[in-house]
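I have placed the structure first, in the form of structure tokens, so that the comments after it can refer back to it.
Any value given below was found using the heavy atoms of this structure, including those in side chains, with hydrogens, waters and symmetry copies removed. First listed ligand is number 1; within each ligand, the first listed atom is number 1.
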Amino acid sequence: MIWFKKRNSKLTSQQLKDIPEGLWIKCDSCGEIIYKKKLDRNLWVCPNCNFHFKVTSDYYLKIILDEDTFEIFDENIRSTDPMKFKDRKKYSDRIKAYSNKLSITEAVVVGLGKIDNIPVSIGVMDFRFIGGSMGSVVGERVARAIERAIDERIPLVIISASGGARMQESILSLMQMAKTGALLSKLDDAGLPYISVLTNPTTAGVMASYASLGDIIIAEPKALLGFAGPRVIQQTIGEELPPGFQSSEFFREHGFVDKIVPRAELRKTIAQTLRYLYRPADTIKSNIFDNE
Ligand SMILES: [Zn+2]
């Protein structure tokens, strides 16, 4: 009964060669070849193994915010190459090249928007821009997003994806950690919630500053999280690392992450959490009024 013979789902190397480029993509985690349109419909989550592909800042804004509510801020803040850094290419040229290639001007996009009608100050990092590294511009935009949350008395949501501090800006990158951390304590004093979302990967300077300071920390499944890379740690402590070390699941198990949320449920979970933690000023007023 040849008609019912199960087809081998693995493609041969010749078949792979015949596939037009750009239509299909290989899953980084399980190696499955997936039709891009299908992957897009599935929010760039592998239907076979649930691996969450990296997506752009635009994509997160689209799936998390209410339609047409995003207003971008601080686009005019750009880096000036204070260290005159040069490796193969001048740093300022590198920045220009990335800005021209991508539709963003830095590794974070910040602004105001609404999630299920709740106003938020939001920042979304973009790994495509020099590995989502944090230089003075990323730090300043995040700082202003925090200040905007305080000024408007609204919650803060930051979605992180980063390889860490930007080496081309040296100490100026590192001081962004202290700056954003200090401002987050002001947000805390103002009694406003901050939800930090960790995506694959969130590491080093960003992880060690604002990404790990959320009132609620949410992570996408199987994301690489941590400060130094596993090899560096292994060499430093001279010990084998436990399996799954530095994954979202490991962090959840050890109490660092509050919840692991698949991309499809991110918007709903953030909205639900904000409803627990935040009450807009006018609602508070009317409640007081009711009590009198
Ligand atoms: Zn997969």
- [ ] Give a yes-or-no answer on whether the side chains of Gln176 and Tyr210 include a donor-acceptor pair shorter than 3.5 Å.
- [x]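 Short answer, no.
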TODO: Examine Arg148 relative to Phe73 and say whether NZ or CZ is less than 6.0 Å from the centre of the six-membered ring and inside a 45° cone about the ring axis.
DONE: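 Checked: cation-pi criterion met.
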Open item on the list: Keeping to distances under 2.8 Å, can you name the protein N/O/S atoms close to the Zn ion (ligand 1)?
Closed with: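 The answer, once waters are left aside, is Cys27 SG, Cys30 SG, Cys46 SG, Cys49 SG.
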Open item on the list: Between Arg267 and Asp66, does any side-chain N to carboxylate O distance fall below 4.0 Å?
Closed with: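 Yes.
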- [ ] Sorted by first residue and then second, give each ring pair (Phe, Tyr, Trp, His ring centres under 6.0 Å) pair with at least one member in residues 116-165; sequence neighbours left out.
- [x]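 Qualifying pairs, neighbours excluded: Tyr98-Phe129.
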Check residues 226-238 and write down every donor-acceptor pair under 3.5 Å in which the side-chain atom is one partner and the other belongs to a residue at least two apart or another chain.
{"unit_1": "Gln234", "atom_1": "NE2", "unit_2": "Glu240", "atom_2": "OE2", "d": "3.1"}
{"unit_1": "Thr236", "atom_1": "OG1", "unit_2": "Val232", "atom_2": "O", "d": "2.6"}

Atom pairs and distances, donor-acceptor, side-chain atoms in residues 250-261, under 3.5 Å, two or more places apart:
{"unit_1": "Arg252", "atom_1": "NE", "unit_2": "Asp258", "atom_2": "O", "d": "3.3"}
{"unit_1": "His254", "atom_1": "ND1", "unit_2": "Phe250", "atom_2": "O", "d": "2.8"}
{"unit_1": "Asp258", "atom_1": "OD2", "unit_2": "Ile217", "atom_2": "N", "d": "2.7"}

